[in-house]
Amino acid sequence: MNKIIEKASLSENIVKMVLESPVIAKKRKAGQFIILKINEKGERIPLTIVDSDVQKGTITIIFQIVGKTTAQLAALNVGDSLQDLQGPLGHPTEIAHYGRVVCIGGGVGVGVVYPVIVALKKAGNEVISIIGSRTKASLILEKEIRENSDRLIVTTDDGSYGIHGFVSSVFEQEVLDKGEHVDRVFTIGPVPMMVAVCKITKLHRIKTIVSLNSIMVDATGMCGACRVNVAGKTKFTCVDGPEFDGHDVDFDLLSDRLRMYCDMEREAYEKHKCGCDGN
Amino acid sequence: MKNISADVMETKETKVKKEKVPRQNMPEQDPKKRIRNFEEVPLGYSEKTAIIEAKRCIQCKNPGCVRGCPVDVKIPEFIQQIAEGRFIEAALKLKETNGLPAVCGRVCPQEDQCEKECILGKKGEPVAIGRLERFAADYERNSGKISIPPAVKPNGKKVAVAGAGPSGLTIAGDLVKLGYDVTIYEALHKAGGVLVYGIPEFRLPKAIVEAEVEYLRKLGVKIETNFVIGRTKTIDELFADGFDAVFIGVGAGAPVFMNIPGENLGDIYSANEYLTRSNLMKAYLFPEYDTPIVRGKKVAVVGGGNVAMDSVRTALRLGAERAMIIYRRTGVEMPARQEEVHHAKEEGVEFLMLTNPLEYIGNSLGRVIGMKCIRMELGEPDASGRRSPVPIKGSEFVMDVDTVVVAVGTMANPIIPATTPNLHTNKWGYISTHDASGLTSRKGIYAGGDIVTGSATVILAMGAGRKAANAIHEYLSGK
Ligand SMILES: Cc1cc2nc3c(=O)[nH]c(=O)nc-3n(C[C@H](O)[C@H](O)[C@H](O)COP(=O)(O)OP(=O)(O)OC[C@H]3O[C@@H](n4cnc5c(N)ncnc54)[C@H](O)[C@@H]3O)c2cc1C
Ligand SMILES: Cc1cc2nc3c(=O)[nH]c(=O)nc-3n(C[C@H](O)[C@H](O)[C@H](O)COP(=O)(O)OP(=O)(O)OC[C@H]3O[C@@H](n4cnc5c(N)ncnc54)[C@H](O)[C@@H]3O)c2cc1C
Ligand code: SF4
Ligand code: FES
């Protein structure tokens with residue numbers, strides 16, 4: 001169970017894995033995620049289901065190595081199995097025929113926004129995708145997203161590829177300033193990026209959906225670790241989200257809560273890197 | 001063979017000496033030592049003490065203790081067996097009516113149940129029924145002589161159970177023994193429900209729960225963990241897979257917050273999160289285990305139930321210098337078990353009674369540093385008969401805290417009702433049942449435990465599992 005079927009490195013620190021999980025593959029919809037736990041002592045971490053293959057009974061995840069668990073995961077190989085895999089969790093993305101939609105992804109968020117792009121395109125929308133990364137070498141899924149979009153704009157922070165700049169400002173310059181009407185925006189990536197996009201779309205009054213990456217434990221609504229403030233109300237990201245109307249989200253609270261275990265996470269990662277944790 | 005009349009003689013003899021033998025104490029870890037570890041606090045009776053305690057029982061013809069027990073455990077019978085040194089038989093006698101005696105012996109509120117009704121309690125101290133129950137069950141488990149009943153002939157019917165808490169484990173055990181093909185679907189990665197994620201190791205060692213779950217597996221129960229009913233599959237999909245009946249025993253797992261300003265600051269936990277990190281994820285062993293938990297120095301736990309006691313005692317063991325209970329009524333109204341309050345006091349927990357939080361204060365990093373509270377006084381009795389707390393005007397004050405655990409209750413998780421058409425719930429979201437059998441508004445779907453009653457007790461959840469097992473058996477064998 002939960003066997004790693006395929007593994008590929010998409011960039012220096014982003015890895016793609018295909019996992020055996022027929023039940024989840026059959027059930028999942030765009031926007032949903034899984035919780036995985038590598039071994040007995042492991043942490044439960046949430047990752048988006050990027051793709052699935054019902055025939056083969058597999059799901060695809062794409063993750064960035066940021067700490068101990070993702071580093072351990074990246075060190076596993078084809079044929080290895082994960083101890084625990086739970087899903088699909090969260091509400092699926094609300095897919096409808098909106099008209100012209102813009103999907104904006106940054107960093108590993110490009111992987112998270114990819115299934116949304118595919119589903120929106122399938123539903124008959126005109127999809128403009130804007131994906132960005134720090135530098136050319138860390139850009140992921142360009143080909144796949146191009147194939148599923150009516151138009152693709154690529155940006156890099158250092159100008160090594162595509163348009164030089166952040167996805168948010170490029171979105172403004174290349175789409176809105178050119179007078180193109182946009183019916184809905186989906187944006188997924190680092191918090192500052194989602195904040196920047198929401199600021200722009202609020203001015204233009206375009207409904208904008210974000211996907212939040214709160215810290216989670218059970219991911220079934222049992223603990224409240226993932227709580228966020230949306231339109232003045234406490235919501236649980238795992239069962240009420242992970243997608244919310246970006247104009248209503250208290251991003252400062254989200255960033256603060258994401259930092260809650262920083263020191264301990266660093267400690268765990270350092271011990272892991274030097275091999276002092278025994279695994 | 002033992003001579004039965006000799007047994008009776010022996011009982012009569014001990015009866016004469018009865019008055020002199022006091023209720024036997026159970027040795028415990030020293031409070032100073034135990035607040036530094038997560039090992040179990042009470043250490044259990046020795047064989048000798050168990051026999052002495054068992055002999056205090058006067059073997060009532062019409063025993064009050066049994067009337068006080070929600071599942072009618074044959075109390076005088078098993079106590080008699082202990083008195084005679086037939087420990088394994090005592091354990092088997094317990095198991096006739098209670099599938100989890102090692103658990104119940106530890107966590108049941110005996111003082112409100114069997115021991116409350118024990119005749120000896122009318123004048124002196126009741127027989128320590130809970131301690132004896134624990135002794136017999138532990139004896140059997142430690143003896144390695146746990147016998148697996150011979151496999152029953154499969155009857156060809158399939159039953160699915162959602163949730164592996166006490167209610168789900170009980171119904172699964174009962175039905176598999178009747179020949180049903182039973183699969184438990186559990187959302188978390190471990191079976192046991194509150195017994196594994198909520199109640200701490202120092203009160204209920206996880207190895208005991210694991211042994212019970214293992215026993216069920218040996219009986220033939222299939223347990224699928226990481227399986228969220230309503231997400232991984234819906235109840236209707238289970239029927240489509242060929243299940244003939246479904247039992248819902250998913251507990252009352254959703255945390256309640258007070259909705260006061262600052263409650264989402266960093267280092268403010270729900271009790272569920274705090275206890276899940278510590279117990280299920282073993283965060284108290286971080287960094288050996290990967291899940292972190294904040295080790296606060298000044299920890300305030302809001303609430304006065306068992307969950308609050310478990311949280312505050314966990315905080316102490318995680319290194320708190322001040323571990324405080326903040327409760328809006330007084331000690332008399334506190335719903336926690338006396339034993340737990342007593343243990344908490346011994347361990348140095350501070351009790352701030354008649355106090356209620358109004359607001360949390362954070363630092364520039366968004367982490368809690370203070371708690372604004374108000375003093376309360378007791379007013380007129382409310383609907384529940386308890387005197388309701390009323391704030392005292394102008395009594396606000398601010399307390400330094402660096403970690404807060406909110407333990408003010410739980411509610412129903414809506415995942416299953418939201419994904420099961422025509423499954424009726426009451427106004428609080430708990431699943432409605434027709435009667436004690438647990439039958440819901442939908443044919444073939446039964447429910448029991450906390451998801452029906454709201455947060456209650458282990459033994460009541462087990463009782464509900466048993467009643468639903470009987471009802472499902474009746475339903476499917478008559479089909
Ligand atoms: C619904 C959801 C979907 C997600 N999908 C993906 C995905 O498809 N691909 C992917 O790479 N990541 C995704 N994430 C984020 C991912 O869960 C975290 O990166 C992961 O938990 C880090 O674990 P770690 O032990 O390696 O790092 P840790 O040691 O736990 O953390 C290292 C660093 O990452 C930060 N961090 C910790 N937890 C999170 C978190 N949940 N989100 C963001 N940063 C965090 C910490 O603050 C710290 O700076 C998702 C998160 C959620 C809630
Ligand atoms: C901290 C704490 C201390 C307590 N102390 C005591 C005590 O000392 N004595 C006492 O008698 N009682 C105590 N209780 C109460 C007692 O534990 C509960 O009443 C009892 O566990 C309820 O059993 P249950 O079977 O209804 O559900 P639970 O024990 O809540 O188990 C439900 C299970 O269902 C799973 N689940 C939930 N949703 C789904 C889903 N959609 N699909 C699949 N699985 C799902 C959950 O993960 C869980 O494992 C305590 C409770 C807590 C929280
Ligand atoms: S009521 Fe007390 S003395 Fe009587 S049978 Fe029960 S435990 Fe024994
Ligand atoms: S992760 Fe526990 S409630 Fe969302």
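These numbers come from a predicted model, not from an experiment. Quick note on labels: first sequence line is chain A, next is B, and so on, each numbered from 1.
- Proximity to chain B (any heavy atom under 4.5 Å) is shown, for A:Val239, by both the backbone and the side chain.
- Using a cut-off of 4.0 Å between Lys/Arg side-chain N and Asp/Glu carboxylate O, A:Glu40 and B:Lys190 are scored as salt-bridged.
- One finds a salt bridge joining A:Lys271 and A:Glu267 here, because a Lys/Arg side-chain nitrogen approaches an Asp/Glu carboxylate oxygen to under 4.0 Å.
- Here A:Lys37 is the residue among A:Lys37, A:Gln32, A:Arg259, A:Arg28 with the most heavy-atom pairs under 4.5 Å with chain B.
- The residue among A:Pro88, A:Gly224, A:Ala219, A:Ser255 with the most heavy atom pairs within less than 4.5 Å of chain B is A:Pro88.
- The aromatic rings of B:Phe243 and B:Tyr185 stand perpendicular to each other, their planes meeting at an angle above 60°, with 30° marking the opposite boundary.
- Using a 4.5 Å cut-off between heavy atoms, A:Leu36 does not touch chain B at all.
- Listed options B:Lys233, B:Glu237, B:Arg277, B:Met281 were ranked by heavy-atom pairs under 4.5 angstrom with chain A; first place goes to B:Arg277.
- Looking at A:Leu89, the atoms closer than 4.5 Å to chain B (heavy atoms on both sides) sit in the backbone and in the side chain alike.
- For a residue to count as touching a neighbouring chain, one of its non-hydrogen atoms must lie under 4.5 Å from one of that chain's; by this rule B:Ile293 touches chain A with the backbone only.
- When atom types are taken as modelled, the side chain of B:Arg317 and the backbone of B:Tyr284 share no donor-acceptor pair closer than 3.5 angstrom.
- Contact count versus chain B (heavy atoms, under 4.5 Å) is highest, among A:Leu253, A:Asp256, A:Ile24, for A:Asp256.
- The number of heavy-atom neighbours closer than 6.0 Å to CE of A:Met1, taken from other residues, nucleotides and ligands shown, is 12 or below.
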Evaluate B:Arg367 against B:Asp267 for salt bridge (charged side-chain N to carboxylate O under 4.0 Å, His left out), listing each step before the verdict. CA-CA 6 Å; B:Arg367 308 182 73 145; B:Asp267 305 343; 3.0 Å; yes

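- In this structure, no portion of B:Tyr274 lies under 4.5 Å from any heavy atom of chain A.
- Side-chain contact of A:Thr234 with B:Asn264: a donor-acceptor pair under 3.5 Å is present, judged by distance alone.
- With chain A as partner, the option from B:Ser270, B:Pro292, B:Gly253, B:Gly366 having the largest number of non-hydrogen pairs under 4.5 angstrom is B:Pro292.
- Residues A:Val15 and A:Lys7 meet the side-chain proximity criterion, which asks for heavy atoms closer than 4.5 Å.
- Neither the backbone nor the side chain of B:Leu280 comes within contact range of chain A; no heavy atoms are under 4.5 Å apart.
- For the side-chain hydrogen bond (donor to acceptor under 3.5 Å, both in side chains) with B:Asp290, the lone residue among A:Lys68, A:His272, A:Lys41 that qualifies is A:Lys68.
- Residues B:Val246 and B:Phe239 share a closest heavy-atom pair of CG2-CZ, 3.7 Å.
- Comparing A:Arg44, A:Met222, A:Lys233 by how many heavy-atom pairs each has under 4.5 Å with chain B, the most go to A:Met222.
- Between A:Asn213 and A:Pro242 the shortest side-chain heavy-atom distance does not fall below 4.5 Å.
- Of the atoms belonging to B:Asn413, it is side-chain heavy atoms, and not backbone ones, that fall under 4.5 Å from chain A.
- For B:Thr232, the parts lying near chain A are the backbone and the side chain together; criterion is any non-hydrogen pair under 4.5 Å.
- Interface check for chain A: of the options B:Ala283, B:Pro255, B:Ala271, the most heavy-atom pairs under 4.5 Å are formed by B:Pro255.
- Heavy atoms of B:Val406 lying under 4.5 Å from chain A are absent altogether.
- Interface remark: of the candidates A:Leu85, A:Asp218, A:Ile45, A:Thr69, A:Leu85 forms the most heavy-atom pairs closer than 4.5 Å to chain B.
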